[in-house]
Number of protein chains: 2
Amino acid sequence: MNVDTTGFETSSLSIGTLAQRAECKVQTIRYYEQIGLLPPPERNAGNQRRYTEDAVKRLTFIRHARDFGFTVEAIRELLDMSDQPDMPCDHVDGLAKRHLEEVEARLARLSVLRDELRRMILLCQGGNVGECRIIEVLSDHRLCRYHGHDADGNARD
Amino acid sequence: MNVDTTGFETSSLSIGTLAQRAECKVQTIRYYEQIGLLPPPERNAGNQRRYTEDAVKRLTFIRHARDFGFTVEAIRELLDMSDQPDMPCDHVDGLAKRHLEEVEARLARLSVLRDELRRMILLCQGGNVGECRIIEVLSDHRLCRYHGHDADGNARD
DNA sequence: GATATTCCCTACAGCCACTAGAGGTTCAAG
DNA sequence: CTTGAACCTCTAGTGGCTGTAGGGAATATC
């Protein structure tokens, strides 16, 4: 942190400091630069990245939006929009609402999945694999209520 | 489909037929063979894969287990175990229970996320991006209750 | 027998959002 | 001047597929 005697904040942060400030890994910052979420910063004489406070803000925004589950593409849009404060915020609202719907859909699918798993586990009375009802449920189409057709339970949920 | 006159089922299925029977894409079958979930089948004179009914069973099992959200590695174990019907089924049960716990954890995180998203959306009263509370919440650390540290809402949830 | 359509083959690139590692350079403290 | 942490670039890997290119094979129809 370097505040010079004129009171003018030159404030050039290393990538490690930025990472700490925005609770983010160093590699992730370089990745965001690579995909164009963060603008390439100035470099010092030794070719190391030097960031301003603006970068802290931008990265914090990105990390929060990621925590909220927004995709990188959605964040790109949100950033574009927040750079134009005079636009109506319908689109921001729309993005958020669509995201909420997706989260709700995932929740619904996951809770059906949870119920089916519970049911399956209750069936298992111990014993040998040969009589195991869990294996049986997984083998037999007819015993299986849950069909996560457009949900695979891993990637999207 | 070839059932000969003796009533003996020679039953050699093409990859496409197997795909239909197990509700699975052709590429996915080849992928499962590649990663060793399905054994390499016989080939006909023209180098095309020919499957037996056993393959239908195995693939159906795999697809159901995937629908239940088990990972490929877990399925590998389940398959190994179902090949040994005399083993006690504790391990099967354990796998299922651990999976259930993961699903429940994801559900819990997702529902916190849903609540936060709802709260955020309610704050937005229309108007311009400049006053948009959604952007504001995402920008400002202090307005943000949800911190999905080991959950990013996309990949793992 | 020719043709058209559909199936099948291999091999490889791409998806998402990072993460990890190799192998080298620069910086700050003592 | 030396040490060691932090930095640099580049590449490959994660999971679970999906899609495509550029062919060969099987089958139905004429």
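Chain identifiers are assigned alphabetically (A, B, ...) following the order of the sequence lines, protein sequences preceding nucleic acid strands; residue numbering begins at 1 within each chain.
- Considering every non-hydrogen atom in both A:Cys24 and A:Ile29, the closest pair reads SG-CG1, 3.8 Å.
- The shortest heavy-atom contact between A:Asp83 and A:Arg58 is OD2-NH1, 3.9 Å.
- Distance from the side chain of A:Asn44 is smallest for C:dC27 among the nucleotides C:dC27, D:dC17, D:dG19.
- When heavy atoms are screened at a 4.0 angstrom cut-off, B:Arg76 is found touching no nucleic acid atom at all.
- Minimum heavy-atom separation, A:Glu116 to B:Phe68: CB-CE2, 3.6 Å.
- Note: CD (B:Glu23) to P (D:dC17) measures 14 Å, nearest angstrom.
- Note: CG (A:Leu13) to P (D:dA6) measures 16 Å, nearest angstrom.
- Distance, A:Phe70 CZ to C:dC16 P: 17 Å, rounded to whole Å.
- The pair B:Lys97-B:Asp93 meets the salt-bridge criterion, since a charged nitrogen lies less than 4.0 angstrom from a carboxylate oxygen.
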- Message: Treating primed atoms plus P, OP1 and OP2 as sugar-phosphate and everything else as base, which nucleotides of nucleotides 5-12 of chain C get B, S or - for protein heavy atoms under 4.0 Å?
- Response: ---SSB--
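- Within the structure, a side-chain polar atom (N or O) of B:Lys25 is placed less than 4.0 Å from OP1 or OP2 of D:dG19.
- As a whole-Å value, the separation of B:Glu73 CD from D:dG15 C1' is 10 Å.
- Closest heavy-atom contact between A:Pro85 and B:Asn128: O-CB, 3.4 Å.
- Between the CD atom of A:Glu33 and the C1' atom of D:dT9 there is a distance of 12 Å, given to the nearest Å.
- Listed here is the closest heavy atom pair of B:Ser82 and A:Val129: CA-CG1, 3.8 Å.
- In this entry the distance linking CG of B:Leu38 with P of D:dC17 reads 11 Å, nearest Å.
- Remark: C1' of D:dG15 and CD of B:Glu102 are 14 Å apart, rounded to the nearest angstrom.
- When the nucleotides C:dA17, C:dA20, D:dC17 are ranked by their closest atom to the side chain of A:Val72, C:dA17 comes out on top.
- To the nearest angstrom, P of D:dC17 lies 12 Å from CD1 of B:Ile29.
- Between A:Thr28 and C:dT19 there is a side-chain polar atom (N or O) within less than 4.0 angstrom of OP1 or OP2.
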Donor-acceptor pairs under 3.5 Å, side chain of residues 30-44 of chain B to any protein atom, not counting sequence neighbours: which ones?
{"from": "B:Tyr32", "atom 1": "OH", "to": "B:Arg63", "atom 2": "NH1", "distance (Å)": "2.6"}
{"from": "B:Glu33", "atom 1": "OE1", "to": "B:Arg49", "atom 2": "NE", "distance (Å)": "2.8"}
{"from": "B:Arg43", "atom 1": "NH1", "to": "B:Asn47", "atom 2": "O", "distance (Å)": "2.9"}
{"from": "B:Asn44", "atom 1": "OD1", "to": "B:Gly46", "atom 2": "N", "distance (Å)": "2.9"}
{"from": "B:Asn44", "atom 1": "OD1", "to": "B:Asn47", "atom 2": "N", "distance (Å)": "3.1"}
{"from": "B:Asn44", "atom 1": "OD1", "to": "B:Gln48", "atom 2": "N", "distance (Å)": "2.8"}

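- Listed pair B:Tyr32 / D:dG16 fails the phosphate criterion, with no side-chain N or O lying under 4.0 Å from OP1 or OP2.
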